[in-house]
J.: 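One structure follows; several queries about it will come next.
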Amino acid sequence: MAEWKDGIAKLTLPTPFPVGDVNAYLVKGDRLTLVDAGTKTRESWESFKSQLGDLNLKPEDIEQVILTHDHPDHVGMLDYFSEELHVYGHPLNERWINRTPEFEKIHQQFYDKLFVQFGIPEQYFLPSMKIMKKTLVFSCDRPLSGEIIENDVPPALPGWRVLETPGHAQSHIVLLREKDGTMIAGDTILAGISPNPLLEPPLPGESERPKPLVQYNASLKKLQQYPIGLVYTGHGAEIAEVHGLIEKRLARQHDRALQVRGMLEGRELTVFEICKLLFPSVYERELNLTISETVGQLDYLQSLDAVTVREEGPTFVYTAK
Ligand SMILES: [Zn+2]
(Lines give C-alpha, C1' and ligand atoms only; values in the text may rest on other atoms or scores of the structure.)
Protein backbone atom coordinates (compact mmCIF):
# COMPACT_ATOMS: atom_id res chain seq x y z
CA MET A 1 0.00 0.00 0.00
CA ALA A 2 1.42 3.35 -1.12
CA GLU A 3 2.31 5.72 1.73
CA TRP A 4 4.20 8.95 2.33
CA LYS A 5 7.61 8.89 3.96
CA ASP A 6 9.60 12.13 4.27
CA GLY A 7 7.66 13.72 1.43
CA ILE A 8 8.13 10.80 -0.97
CA ALA A 9 5.69 8.02 -1.87
CA LYS A 10 6.82 4.97 -3.81
CA LEU A 11 4.50 3.46 -6.42
CA THR A 12 5.28 0.05 -7.88
CA LEU A 13 3.85 -0.57 -11.34
CA PRO A 14 3.75 -3.71 -13.48
CA THR A 15 5.62 -3.85 -16.82
CA PRO A 16 5.51 -6.43 -19.64
CA PHE A 17 9.34 -6.63 -19.55
CA PRO A 18 11.62 -9.32 -18.05
CA VAL A 19 12.81 -6.80 -15.43
CA GLY A 20 9.39 -7.00 -13.73
CA ASP A 21 7.87 -4.06 -11.86
CA VAL A 22 9.10 -0.50 -12.21
CA ASN A 23 9.01 2.15 -9.48
CA ALA A 24 7.65 5.68 -9.83
CA TYR A 25 7.73 8.27 -7.06
CA LEU A 26 5.48 11.06 -5.89
CA VAL A 27 7.40 13.94 -4.39
CA LYS A 28 5.89 16.79 -2.38
CA GLY A 29 7.24 20.16 -3.48
CA ASP A 30 5.81 23.48 -4.60
CA ARG A 31 3.98 21.28 -7.08
CA LEU A 32 3.01 17.65 -6.59
CA THR A 33 5.63 15.89 -8.74
CA LEU A 34 5.68 12.44 -10.27
CA VAL A 35 9.17 11.11 -10.95
CA ASP A 36 8.94 8.61 -13.83
CA ALA A 37 5.74 7.40 -15.37
CA GLY A 38 5.57 3.62 -15.84
CA THR A 39 4.84 1.66 -18.98
CA LYS A 40 2.01 2.38 -21.40
CA THR A 41 -0.25 -0.54 -20.51
CA ARG A 42 -3.76 -0.63 -19.05
CA GLU A 43 -2.49 -2.78 -16.15
CA SER A 44 0.05 -0.13 -15.21
CA TRP A 45 -2.51 2.70 -15.40
CA GLU A 46 -5.06 0.80 -13.27
CA SER A 47 -2.42 -0.04 -10.68
CA PHE A 48 -1.25 3.58 -10.69
CA LYS A 49 -4.77 4.91 -10.08
CA SER A 50 -5.39 2.45 -7.28
CA GLN A 51 -2.11 3.33 -5.52
CA LEU A 52 -2.90 7.04 -5.91
CA GLY A 53 -6.26 6.21 -4.31
CA ASP A 54 -4.41 4.87 -1.23
CA LEU A 55 -3.08 8.42 -0.85
CA ASN A 56 -6.46 10.05 -1.60
CA LEU A 57 -5.14 11.32 -4.93
CA LYS A 58 -6.22 11.11 -8.58
CA PRO A 59 -4.06 11.40 -11.74
CA GLU A 60 -5.40 14.99 -12.21
CA ASP A 61 -3.78 15.98 -8.89
CA ILE A 62 -0.30 15.48 -10.33
CA GLU A 63 1.10 18.88 -11.29
CA GLN A 64 4.33 17.95 -13.09
CA VAL A 65 6.46 14.98 -14.11
CA ILE A 66 10.24 14.64 -14.02
CA LEU A 67 11.90 11.84 -15.99
CA THR A 68 15.05 10.07 -14.81
CA HIS A 69 15.54 8.68 -18.34
CA ASP A 70 13.65 7.84 -21.52
CA HIS A 71 13.17 4.04 -21.34
CA PRO A 72 9.59 2.90 -22.03
CA ASP A 73 9.06 1.55 -18.50
CA HIS A 74 9.80 5.03 -17.13
CA VAL A 75 7.88 7.21 -19.61
CA GLY A 76 5.12 5.24 -21.36
CA MET A 77 2.19 6.19 -19.16
CA LEU A 78 2.71 9.88 -20.00
CA ASP A 79 0.38 9.22 -22.95
CA TYR A 80 -2.49 8.71 -20.50
CA PHE A 81 -2.09 12.13 -18.88
CA SER A 82 -3.48 15.45 -20.07
CA GLU A 83 -1.36 17.15 -22.69
CA GLU A 84 -1.27 20.21 -20.42
CA LEU A 85 0.80 18.39 -17.80
CA HIS A 86 4.38 19.67 -17.72
CA VAL A 87 7.10 17.06 -18.26
CA TYR A 88 10.74 17.82 -17.48
CA GLY A 89 13.84 15.81 -18.26
CA HIS A 90 17.29 15.91 -19.77
CA PRO A 91 17.24 17.19 -23.38
CA LEU A 92 18.41 13.78 -24.65
CA ASN A 93 15.05 12.26 -23.66
CA GLU A 94 13.43 14.11 -26.53
CA ARG A 95 14.65 11.94 -29.42
CA TRP A 96 13.25 8.82 -27.73
CA ILE A 97 9.97 10.10 -26.27
CA ASN A 98 9.00 12.26 -29.23
CA ARG A 99 10.41 10.17 -32.06
CA THR A 100 10.64 11.70 -35.54
CA PRO A 101 10.83 9.75 -38.83
CA GLU A 102 14.33 11.19 -39.19
CA PHE A 103 15.47 9.73 -35.87
CA GLU A 104 13.89 6.39 -36.74
CA LYS A 105 15.95 6.35 -39.92
CA ILE A 106 19.17 7.25 -38.06
CA HIS A 107 18.33 4.58 -35.49
CA GLN A 108 17.81 1.88 -38.14
CA GLN A 109 20.99 2.78 -40.07
CA PHE A 110 23.01 2.88 -36.85
CA TYR A 111 22.02 -0.66 -35.85
CA ASP A 112 22.35 -2.06 -39.39
CA LYS A 113 25.96 -0.89 -39.45
CA LEU A 114 26.64 -1.96 -35.88
CA PHE A 115 25.41 -5.52 -36.48
CA VAL A 116 27.91 -5.89 -39.32
CA GLN A 117 30.74 -4.35 -37.26
CA PHE A 118 29.98 -6.77 -34.43
CA GLY A 119 30.02 -9.79 -36.75
CA ILE A 120 26.40 -10.72 -35.98
CA PRO A 121 25.03 -13.21 -38.55
CA GLU A 122 22.32 -11.78 -40.80
CA GLN A 123 19.55 -14.08 -39.56
CA TYR A 124 19.57 -12.17 -36.25
CA PHE A 125 19.16 -8.68 -37.78
CA LEU A 126 15.42 -8.64 -38.31
CA PRO A 127 14.33 -10.36 -35.06
CA SER A 128 16.59 -8.03 -33.12
CA MET A 129 15.14 -4.87 -34.71
CA LYS A 130 11.63 -6.25 -34.16
CA ILE A 131 12.27 -6.60 -30.42
CA MET A 132 13.54 -3.02 -30.25
CA LYS A 133 10.49 -1.72 -32.09
CA LYS A 134 8.13 -3.81 -29.96
CA THR A 135 9.61 -2.27 -26.83
CA LEU A 136 8.89 1.23 -28.14
CA VAL A 137 5.18 0.39 -28.41
CA PHE A 138 5.12 0.74 -24.62
CA SER A 139 6.77 4.16 -24.76
CA CYS A 140 5.05 7.51 -25.15
CA ASP A 141 4.75 10.08 -27.89
CA ARG A 142 5.02 13.58 -26.48
CA PRO A 143 7.63 16.30 -26.18
CA LEU A 144 9.36 17.61 -23.07
CA SER A 145 7.88 20.83 -21.70
CA GLY A 146 11.24 21.88 -20.31
CA GLU A 147 14.82 20.69 -20.00
CA ILE A 148 16.83 20.03 -16.85
CA ILE A 149 20.58 19.47 -16.79
CA GLU A 150 23.52 19.06 -14.39
CA ASN A 151 23.28 21.10 -11.21
CA ASP A 152 19.81 22.51 -11.92
CA VAL A 153 17.30 22.79 -9.13
CA PRO A 154 14.36 20.95 -10.71
CA PRO A 155 11.23 23.07 -11.25
CA ALA A 156 9.10 23.41 -8.09
CA LEU A 157 11.43 21.19 -6.03
CA PRO A 158 13.58 23.57 -3.97
CA GLY A 159 16.27 21.72 -2.01
CA TRP A 160 16.72 19.12 -4.75
CA ARG A 161 19.52 19.01 -7.30
CA VAL A 162 19.87 17.36 -10.74
CA LEU A 163 22.97 15.25 -11.42
CA GLU A 164 23.63 13.80 -14.87
CA THR A 165 24.48 10.09 -14.78
CA PRO A 166 24.74 8.88 -18.41
CA GLY A 167 25.43 5.21 -19.08
CA HIS A 168 22.31 3.05 -18.82
CA ALA A 169 20.69 5.78 -20.96
CA GLN A 170 22.27 8.89 -22.46
CA SER A 171 19.46 10.97 -20.96
CA HIS A 172 19.90 9.67 -17.41
CA ILE A 173 19.72 12.00 -14.41
CA VAL A 174 19.26 11.47 -10.68
CA LEU A 175 17.64 13.78 -8.15
CA LEU A 176 19.47 14.49 -4.90
CA ARG A 177 17.81 16.11 -1.88
CA GLU A 178 20.62 18.09 -0.36
CA LYS A 179 19.44 18.33 3.27
CA ASP A 180 19.52 14.58 3.90
CA GLY A 181 21.18 13.00 0.85
CA THR A 182 18.00 11.21 -0.23
CA MET A 183 18.34 10.28 -3.88
CA ILE A 184 15.89 9.20 -6.56
CA ALA A 185 18.25 7.30 -8.81
CA GLY A 186 16.15 5.80 -11.61
CA ASP A 187 18.17 2.90 -13.01
CA THR A 188 21.59 4.38 -12.23
CA ILE A 189 22.00 1.95 -9.36
CA LEU A 190 19.70 -0.94 -8.47
CA ALA A 191 19.76 -3.10 -5.36
CA GLY A 192 19.62 -6.47 -7.08
CA ILE A 193 21.09 -6.16 -10.57
CA SER A 194 23.50 -4.08 -12.65
CA PRO A 195 21.66 -2.03 -15.27
CA ASN A 196 22.52 -2.79 -18.89
CA PRO A 197 24.77 -0.26 -20.66
CA LEU A 198 22.46 0.10 -23.66
CA LEU A 199 23.85 1.12 -27.04
CA GLU A 200 22.47 4.32 -28.53
CA PRO A 201 23.10 6.16 -31.79
CA PRO A 202 25.61 9.05 -31.66
CA LEU A 203 24.37 12.16 -29.91
CA PRO A 204 23.09 14.98 -32.12
CA GLY A 205 26.06 16.61 -33.87
CA GLU A 206 28.43 13.72 -33.14
CA SER A 207 29.59 10.85 -35.34
CA GLU A 208 30.90 8.31 -32.77
CA ARG A 209 28.52 6.25 -30.67
CA PRO A 210 28.71 6.84 -26.91
CA LYS A 211 30.58 4.19 -24.86
CA PRO A 212 27.88 3.48 -22.30
CA LEU A 213 29.74 1.26 -19.82
CA VAL A 214 32.68 3.66 -19.64
CA GLN A 215 30.23 6.52 -19.07
CA TYR A 216 28.33 4.46 -16.53
CA ASN A 217 31.46 3.79 -14.46
CA ALA A 218 32.25 7.50 -14.51
CA SER A 219 28.70 8.24 -13.33
CA LEU A 220 29.07 5.78 -10.42
CA LYS A 221 32.42 7.30 -9.46
CA LYS A 222 30.86 10.75 -9.57
CA LEU A 223 28.15 9.65 -7.13
CA GLN A 224 30.89 8.45 -4.75
CA GLN A 225 31.81 12.12 -4.23
CA TYR A 226 28.39 13.06 -2.81
CA PRO A 227 27.05 12.39 0.65
CA ILE A 228 24.15 10.09 -0.21
CA GLY A 229 21.62 8.70 2.22
CA LEU A 230 18.67 6.54 1.23
CA VAL A 231 18.49 5.75 -2.49
CA TYR A 232 15.12 5.15 -4.17
CA THR A 233 15.67 3.03 -7.26
CA GLY A 234 13.87 2.42 -10.55
CA HIS A 235 13.35 -1.29 -9.91
CA GLY A 236 13.18 -3.18 -6.63
CA ALA A 237 14.17 -2.10 -3.14
CA GLU A 238 15.79 1.03 -1.71
CA ILE A 239 19.53 1.08 -1.07
CA ALA A 240 20.74 2.18 2.38
CA GLU A 241 24.51 1.99 1.81
CA VAL A 242 25.10 3.05 -1.75
CA HIS A 243 28.82 3.84 -1.55
CA GLY A 244 29.74 0.29 -0.56
CA LEU A 245 27.49 -1.15 -3.24
CA ILE A 246 29.09 1.06 -5.92
CA GLU A 247 32.56 -0.17 -4.89
CA LYS A 248 31.36 -3.76 -5.19
CA ARG A 249 29.73 -3.19 -8.58
CA LEU A 250 32.81 -1.50 -10.04
CA ALA A 251 35.06 -4.29 -8.79
CA ARG A 252 32.80 -6.98 -10.20
CA GLN A 253 32.62 -5.30 -13.58
CA HIS A 254 36.42 -5.03 -13.67
CA ASP A 255 36.74 -8.77 -12.94
CA ARG A 256 34.25 -9.53 -15.69
CA ALA A 257 36.28 -7.42 -18.13
CA LEU A 258 39.44 -9.29 -17.21
CA GLN A 259 37.61 -12.52 -17.99
CA VAL A 260 36.82 -11.11 -21.45
CA ARG A 261 40.45 -10.08 -21.90
CA GLY A 262 41.44 -13.65 -21.05
CA MET A 263 39.26 -14.93 -23.90
CA LEU A 264 41.21 -12.69 -26.28
CA GLU A 265 44.64 -13.88 -25.20
CA GLY A 266 46.47 -15.09 -28.32
CA ARG A 267 43.44 -14.98 -30.61
CA GLU A 268 41.13 -12.62 -32.47
CA LEU A 269 37.37 -12.64 -31.94
CA THR A 270 34.39 -10.58 -33.08
CA VAL A 271 31.92 -9.06 -30.62
CA PHE A 272 29.41 -11.76 -31.53
CA GLU A 273 31.93 -14.54 -30.88
CA ILE A 274 32.80 -13.09 -27.47
CA CYS A 275 29.10 -12.65 -26.69
CA LYS A 276 28.48 -16.36 -27.37
CA LEU A 277 31.35 -17.33 -25.04
CA LEU A 278 30.11 -14.99 -22.30
CA PHE A 279 26.42 -15.86 -22.53
CA PRO A 280 26.27 -19.34 -24.11
CA SER A 281 22.74 -20.14 -22.93
CA VAL A 282 20.97 -16.78 -23.40
CA TYR A 283 22.68 -14.92 -26.25
CA GLU A 284 20.11 -16.03 -28.84
CA ARG A 285 17.06 -15.20 -26.74
CA GLU A 286 18.46 -11.92 -25.38
CA LEU A 287 20.76 -10.82 -28.18
CA ASN A 288 20.31 -7.06 -27.76
CA LEU A 289 21.05 -7.09 -24.04
CA THR A 290 23.94 -9.57 -24.19
CA ILE A 291 25.56 -7.74 -27.12
CA SER A 292 25.42 -4.37 -25.35
CA GLU A 293 26.89 -5.99 -22.22
CA THR A 294 29.71 -7.51 -24.33
CA VAL A 295 30.45 -4.29 -26.18
CA GLY A 296 30.48 -2.51 -22.82
CA GLN A 297 33.26 -4.77 -21.55
CA LEU A 298 35.24 -4.29 -24.76
CA ASP A 299 34.85 -0.49 -24.64
CA TYR A 300 36.05 -0.62 -21.03
CA LEU A 301 39.08 -2.76 -21.93
CA GLN A 302 39.88 -0.39 -24.77
CA SER A 303 39.72 2.55 -22.36
CA LEU A 304 42.36 0.72 -20.26
CA ASP A 305 44.39 0.08 -23.41
CA ALA A 306 44.12 -3.66 -22.66
CA VAL A 307 42.78 -4.78 -26.06
CA THR A 308 43.30 -3.75 -29.66
CA VAL A 309 40.70 -3.67 -32.38
CA ARG A 310 41.35 -4.19 -36.05
CA GLU A 311 38.98 -3.74 -38.98
CA GLU A 312 38.56 -6.79 -41.17
CA GLY A 313 36.44 -5.45 -44.00
CA PRO A 314 33.38 -3.94 -42.28
CA THR A 315 33.81 -6.14 -39.18
CA PHE A 316 35.79 -5.43 -35.99
CA VAL A 317 38.06 -8.07 -34.49
CA TYR A 318 39.50 -7.77 -31.00
CA THR A 319 42.60 -9.22 -29.40
CA ALA A 320 44.34 -8.84 -26.02
CA LYS A 321 47.21 -6.38 -25.90
ZN1 LIG B 1 16.06 1.96 -17.97
Side-chain angles (χ1 to χ4, degrees), residues 10-25 34-41 44 48 65-79 87-99 107 111 131-141 144 148 162-175 183-201 203 209-220 223 231-239 242 245-246 249 253 286-293 295-296:
K10 177 180 182 178
L11 311 175
T12 300
L13 306 167
T15 81
F17 303 125
V19 70
D21 294 344
V22 69
N23 302 324
Y25 296 93
L34 176 68
V35 179
D36 286 347
T39 314
K40 187 166 65 181
T41 66
S44 175
F48 177 66
V65 178
I66 294 180
L67 303 176
T68 62
H69 65 299
D70 54 68
H71 291 165
D73 47 341
H74 297 257
V75 304
M77 246 171 32
L78 286 177
D79 275 1
V87 180
Y88 299 95
H90 190 277
L92 287 170
N93 282 291
E94 188 75 17
R95 60 183 190 164
W96 290 106
I97 66 171
N98 190 24
R99 294 175 301 285
H107 182 253
Y111 285 103
I131 289 172
M132 263 185 258
K133 287 200 176 128
K134 228 165 85 187
T135 316
L136 288 174
V137 167
F138 300 107
S139 186
C140 65
D141 183 15
L144 287 176
I148 48 176
V162 174
L163 301 177
E164 293 178 359
T165 56
H168 171 64
Q170 295 304 311
S171 63
H172 215 302
I173 57 142
V174 299
L175 299 174
M183 178 176 276
I184 300 180
D187 292 353
T188 297
I189 181 100
L190 303 173
I193 48 167
S194 281
N196 196 288
L198 287 164
L199 290 161
E200 291 187 36
L203 304 184
R209 68 167 173 84
K211 303 218 152 93
L213 185 61
V214 176
Q215 290 176 311
Y216 178 68
N217 286 351
S219 294
L220 289 185
L223 294 185
V231 175
Y232 290 99
T233 62
H235 302 272
E238 289 72 64
I239 300 168
V242 78
L245 182 63
I246 287 176
R249 288 281 163 78
Q253 183 272 317
E286 293 284 358
L287 190 66
N288 297 347
L289 296 178
T290 54
I291 281 286
S292 60
E293 191 66 43
V295 173

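Order of appearance sets the numbers: ligands from 1, and atoms from 1 within every ligand. All residue numbers refer to positions in the sequence shown, counting from 1.
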J.: Between A237 and A191, which heavy-atom pair has the shortest distance, and what is it?
T.: O-CB, 3.8 Å
J.: Give me the ring orientation class for H172 and H69: parallel if the planes are under 30° apart, tilted from 30 to 60°, perpendicular past 60°.
T.: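 It falls in the parallel class, under 30°.
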J.: Quick one, Y232 and M183 - any side-chain contact, counting heavy atoms below 4.5 Å?
T.: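 Result no, sub-4.5 Å side-chain heavy-atom pair not found.
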J.: Sorted by chain and residue number, which protein N/O/S atoms are under 2.8 Å from the Zn ion (ligand 1)?
T.: H69 NE2, H71 ND1, H168 NE2, D187 OD2
J.: Indicate, with yes or no, if the rings of H107 and W96 have centres closer together than 6.0 Å.
T.: yes
J.: Could you tell me the separation between the OG1 atom of T12 and the CG atom of N23, rounded to the nearest 0.5 Å?
T.: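 Reported to 0.5 Å precision, the distance equals 4.5 Å.
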J.: To check you understand the geometry: which heavy-atom pair defines the closest contact between L190 and R249, and what is its length?
T.: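 Taking every non-hydrogen atom into account, O-NH1, 2.9 Å.
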